[in-house]
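Here is the structure we will look at, set down as structure tokens.
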Protein chains: 2
Amino acid sequence: MALIVYGGSVSPFVRKVRVMLAEKGVEYTLEQVNPFMPPPEFLTISPLKRIPVLRDTDRPEPNTLPDSSIICDYIEHKYPKPALYPADPFERARALWYEEYADSVVATNVGGGLFFERVVKKMMRGQTDEAVCQKTLTEKLPPLFDHLEHEVAAKEFLAGGAFSIADISVATMFVNFEHAGEKLDAKRWPKLADYVEKIHARPSFKALIDEETPFVQRFRAA
Amino acid sequence: MALIVYGGSVSPFVRKVRVMLAEKGVEYTLEQVNPFMPPPEFLTISPLKRIPVLRDTDRPEPNTLPDSSIICDYIEHKYPKPALYPADPFERARALWYEEYADSVVATNVGGGLFFERVVKKMMRGQTDEAVCQKTLTEKLPPLFDHLEHEVAAKEFLAGGAFSIADISVATMFVNFEHAGEKLDAKRWPKLADYVEKIHARPSFKALIDEETPFVQRFRAA
């Protein structure tokens with residue numbers, strides 16, 4: 001197998017890359033790396049300590065790429081079918097924007113403000129700061145969910161009329177939201193809740209959610 | 001003219017887009033927006049308050065795109081020649097990584113830790129905190145310059161053997177470094193200094209540097 005993905009499987013960014021590979025039917029090996037305690041040699045392949053990193057052993061060294069967005073772009077170009085980026089330049093750019101929106105503000109709040117507190121800290125034998133979680137849930141996330149509710153509108157997919165990197169990037173963040181013990185309020189954000197549920201039901205997402213959930217629940221309950 | 005770029009011309013990200021357009025020979029209009037005091041309606045086209053934003057009036061509304069990396073991707077797809085992203089998937093990914101490296105850690109330090117202090121604050125009638133600048137110059141930037149010196153090595157261009165988005169993204173940050181009154185130490189980083197000088201001599205960069213410099217110097221000296 002040519003591709004090795006380095007990273008922790010509960011990272012939304014690692015999941016993004018794994019969903020992309022599953023949707024394209026590309027095999028790979030996952031090597032677990034804890035981004036909070038990476039082995040020293042990891043910095044040589046990820047200067048900004050980001051996970052995942054992809055290694056393509058089909059290529060001569062250095063054959064590693066850091067950053068989930070860049071890895072997804074590489075996978076799309078190396079394995080073009082099925083296309084997971086819109087062909088129209090403007091719709092493509094919209095998809096990239098949803099990806100950026102998810103990877104930046106949504107990730108910061110769902111990740112740092114909720115999943116980190118309720119799951120990652122437990123993995124590291126620390127204590128959840130529930131006040132941080134409540135601030136995230138009541139103040140930080142609602143404006144982002146309002147924005148996404150407006151963007152999803154009546155669409156099945158966020159950009160270009162088909163499943164794309166936009167849907168992968170947004171929906172992966174909601175896996176971590178659910179791993180943290182939360183469920184999107186379908187009364188307040190009905191379109192977004194329906195959209196997320198449908199994306200999570202795709203085989204590519206479902207297989208990973210099923211794989212991760214028992215592991216995460218064990219720590220969350222600890 | 002179909003394209004409108006919204007943003008302040010001294011922003012490294014606005015310059016990145018303008019260099020891209022110049023290299024492709026695409027005409028556009030620049031509408032100045034101060035990212036630190038944007039007009040209220042700007043938030044509707046840039047939810048994360050980022051500049052630049054591109055508007056393409058060839059398209060029906062909503063026809064705006066935020067984020068310099070996404071705008072450059074759009075320009076590349078709408079105006080493919082000359083190509084400014086490597087064709088090989090791995091070299092393309094390397095180019096995207098240099099772009100990300102420049103846009104994140106280099107921008108944070110050159111922008112926030114130096115250019116903001118010495119130029120932007122003066123524009124807003126504030127005072128430079130020279131201690132912040134010295135910390136940036138002596139502690140924050142040298143490891144980044146060491147990394148880039150190693151990456152540039154003996155290459156004329158960073159990725160794919162030709163001028164690309166990687167060179168645009170890295171070199172635009174050094175325009176702001178120079179706008180802040182600094183010059184890269186060619187004894188300590190000889191390859192990087194030579195590389196930056198050559199990229200800045202391209203007509204696309206030189207025209208903007210010449211346009212911006214008198215304006216910046218007026219404030220820096222204030």
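In this text the structure is predicted, and so the values were computed from the model without any measurement. Below, chain A is the first sequence line, B the second, and so on; all start at residue 1.
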Heavy-atom closest contact ([X] atom, [Y] atom, distance):
X       : Y        : value
A:Thr64 : B:Arg94  : O-NH1, 3.9 Å
A:Leu48 : B:Tyr101 : CD2-CE1, 4.0 Å
B:Ala93 : A:Tyr74  : CB-CB, 4.2 Å

Inset, instruction - Between chain A and each of B:Asn63, B:Ile71, B:Asp56, count heavy-atom pairs under 4.5 Å; write down the option with the most. - result: B:Asn63
With the side chain counted from C-beta on, respond yes when [X] and [Y] share a heavy-atom pair under 4.5 Å apart, and no when they do not.
X        : Y       : value
B:Lys78  : A:Asp88 : no
A:Leu65  : B:Trp97 : no
A:Glu151 : B:Pro47 : no

Can you confirm whether [X] is buried at [atom1], in the sense that more than 12 heavy atoms of other residues, nucleotides or ligands lie under 6.0 Å from that atom?
X        : atom1 : answer
B:Glu156 : CD    : no
A:Lys121 : NZ    : yes
A:Lys140 : NZ    : no

Legend entry - Ionic contact status for B:Glu100 with A:Arg50, cut-off 4.0 Å: yes
Inset, instruction - Enumerate by number any residue of residues 191-200 of chain B whose heavy atoms lie under 4.5 Å from heavy atoms of chain A; in the absence of such residues, state 'none'. - result: none
Legend entry - Under the ring-ring contact (aromatic ring centres under 6.0 Å, His included) test, residues paired with A:Tyr6 that sit two or more places apart: none
Inset, instruction - Working to the nearest 0.5 Å, report the span between SG of B:Cys72 and CG of A:Leu96. - result: 12.0 Å
Inset, instruction - Output the distance between atom OH (A:Tyr98) and atom CD1 (B:Ile70), rounded to the nearest 0.5 Å. - result: 11.0 Å
Inset, instruction - Name the region of A:Pro62, side chain, backbone, both or neither, that has any atom closer than 4.5 Å to a heavy atom of chain B. - result: backbone
Legend entry - Under 4.5 Å from a heavy atom of chain A, the part of B:Ser69 involved: neither
